[in-house]
Amino acid sequence: MPDPSLPLDPSTVVVTAGRPERSPGAPVNPPVVLSSTFVSTGVPPAGELFYGRNDTPTWHPFELALGALEQSARPALVFGSGMAAIAAALSLVPPGGRVVLPRHAYGVTLAYAHDLTARSGIEVTSVDIADTAAVTAALRAGRPASMLWVETPTNPMLEVADLPALVAVAHEAGALVVVDNTFATPLVQRPFAHGVDVVVHSVTKYLAGHSDVVLGAALADDPDLHARLHAYRTLHGSVAGPFEVWLALRGLRTLALRVARSQASAAELARRLSEHPAVLEVRHPSLPADPGHARASALMDGYGSIVGVRPRGGADAADAVVDAVRLWVPATSLGGVESTLERRRRFATESPTVPEDLIRLSVGIEDVEDLWSDLERALSRSAG
Ligand SMILES: *Cc1c(COP(=O)(O)O)cnc(C)c1O
């Protein structure tokens, strides 16, 4: 363990956090412990391992590392998927409560919130999260708001929220604030620094980073909120397998390198795409003309590596681009070392306010010139 009194840069923390104690002969990496149960007699004291759904040692190094990266007062809680963590966070909304949600957010989060409406009478108010006045009005009007859900940048429109302003208004209205920090990662955005109550992640994406695990995490500074999320995980059994968590920690070790590389490539590709004649519109907060540019520059340590692009020629042209690429992988999901792309409206569940022709690019760590050649060839071909 490095001296905790030294303020370490996050790019160091990803490497050092969650290592075993340093002693002669000790392993450098934590072991994977595959055991569903642990030796115990009588009433196990708090903190003693006794059953794998309650707690298991392979979770701890990853939970400590993510807690340190998010600068949380407490370790993260790892869940079996991002959605399991999101369901835990949404369980903090009481029956009959109200949640204010971005109209553009991860589609399954929106679907789950609407499912709660049907089952628990929870009201959902959908907003443009970049429009602070609209979010303020939504928080103040009608039934008291129990929760403000924030994605920033949003999926897939890349709108950037004024996080400190929204936290102030939400807290004044008595609402908890949850941020889905999957797109930004804790290297680019630390929501707790803005007073957010709960942070959730799809660890499946950048944190694990290799498209080989499905995993989630939730974090809370407040001991009561942390205990409620922890209790939800145990009661619902929304737990992760030790091996997946170990893989995620392995992936986390290179997070800083991966994020730096893919963000730089994303900004370069966004710039070139915005000058390409076969392109109608590009969305990436790095572009000076992007509506989220000023806010992202002020609030984030980068612009992320998701790019939205609308080729000329509508949905057919967009499908043609996706079909024509050879290096980019046509696939859903994002945040892996390999670059992927998809036309989001191919899913009937995607919000109708997302343009039909929008392709979401997840920029990986390949050579940027190789990525550009492939994309540019596909674009020129789709333009006929
Ligand atoms: C993928 C994703 C999720 C869901 O996570 P899973 O690990 O797939 O359950 C939630 N939020 C965002 C922003 C995502 O990209």
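One-based numbering, in listed order, for ligands and for the atoms of each.
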*Asks:* Please determine whether the number of non-hydrogen atoms from other residues, nucleotides or ligands lying under 6.0 Å from atom OH of Tyr51 exceeds 12.
*Replies:* no
*Asks:* Could you tell me whether some N/O pair between Glu151 and ligand 1 is separated by less than 3.5 angstrom?
*Replies:* no
*Asks:* Could you check atom 4 (C) of ligand 1 against the protein and tell me its nearest heavy-atom contact, residue, atom and distance included?
*Replies:*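 Nearest neighbour among protein heavy atoms for atom 4 (C) of ligand 1, to 0.1 Å: Tyr106 CE2, 3.3 Å.
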*Asks:* Please confirm whether the ring centroid of His201 lies under 6.0 Å from the ring centroid of Tyr206.
*Replies:*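 They do not qualify: ring centres at least 6.0 Å apart.
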*Asks:* Would you find a donor on one side and an acceptor on the other, under 3.5 Å apart, between the side chain of Arg377 and the backbone of Val325?
*Replies:*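 A pair under 3.5 Å: no.
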*Asks:* Would you indicate whether the side-chain heavy atoms of Ile359 and Pro311 approach each other to under 4.5 Å?
*Replies:* yes
*Asks:* Numbering the atoms of ligand 1 from 1, which are under 4.0 Å from a heavy atom of Gly82?
*Replies:* 5 (O), 6 (P), 7 (O), 9 (O)
*Asks:* Can you report which non-hydrogen protein atom sits closest to atom 9 (O) of ligand 1, along with the distance?
*Replies:* Met83 N, 2.8 Å
*Asks:* With a cut-off of 4.0 Å, which atoms of ligand 1 are near a heavy atom of Ile86?
*Replies:* 10 (C)
*Asks:* Which residue and non-hydrogen atom of the protein lie closest to atom 5 (O) of ligand 1, and at what distance in Å?
*Replies:* Ser202 OG, 2.9 Å
*Asks:* Measure the acute angle between the ring planes of Tyr303 and His293, then classify it against the limits of 30° and 60° as parallel, tilted or perpendicular.
*Replies:* parallel
*Asks:* Nearest to atom 15 (O) of ligand 1, what protein heavy atom do you find, and at what distance?
*Replies:*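 Answer for atom 15 (O) of ligand 1: Lys205 NZ, 2.7 Å.
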*Asks:* Are there over 12 heavy-atom neighbours, none belonging to Arg253, within less than 6.0 Å of that residue's CZ?
*Replies:* yes
*Asks:* Looking only at distances, please establish whether an N/O atom of ligand 1 is found under 3.5 Å from an N/O atom of Thr204.
*Replies:* yes
*Asks:* With sequence neighbours excluded, give me every salt bridge (Lys or Arg N to Asp or Glu O under 4.0 Å) pair touching residues 281-301.
*Replies:* Arg190-Asp301, Glu281-Arg310, Arg283-Asp290
*Asks:* Which of the atoms of ligand 1 are close to Leu215, meaning less than 4.0 Å from one of its heavy atoms?
*Replies:*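 Every atom of ligand 1 under 4.0 Å from some heavy atom of Leu215: 7 (O).
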*Asks:* Check for me whether Asp180 has a heavy atom closer than 4.0 Å to any atom of ligand 1.
*Replies:*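 It does; at least one heavy atom falls under 4.0 Å.
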*Asks:* Any nitrogen or oxygen of Val214, side chain or backbone, less than 3.5 Å from one on ligand 1?
*Replies:* no
*Asks:* Determine, using heavy atoms of Val203 and all atoms of ligand 1, whether some pair is separated by less than 4.0 Å.
*Replies:*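 Under 4.0 Å: no for Val203.
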*Asks:* What pairs of residues pass the salt bridge (Lys or Arg N to Asp or Glu O under 4.0 Å) test when at least one of them lies in residues 153-172, not counting sequence neighbours?
*Replies:* Arg103-Glu159, Arg140-Glu172
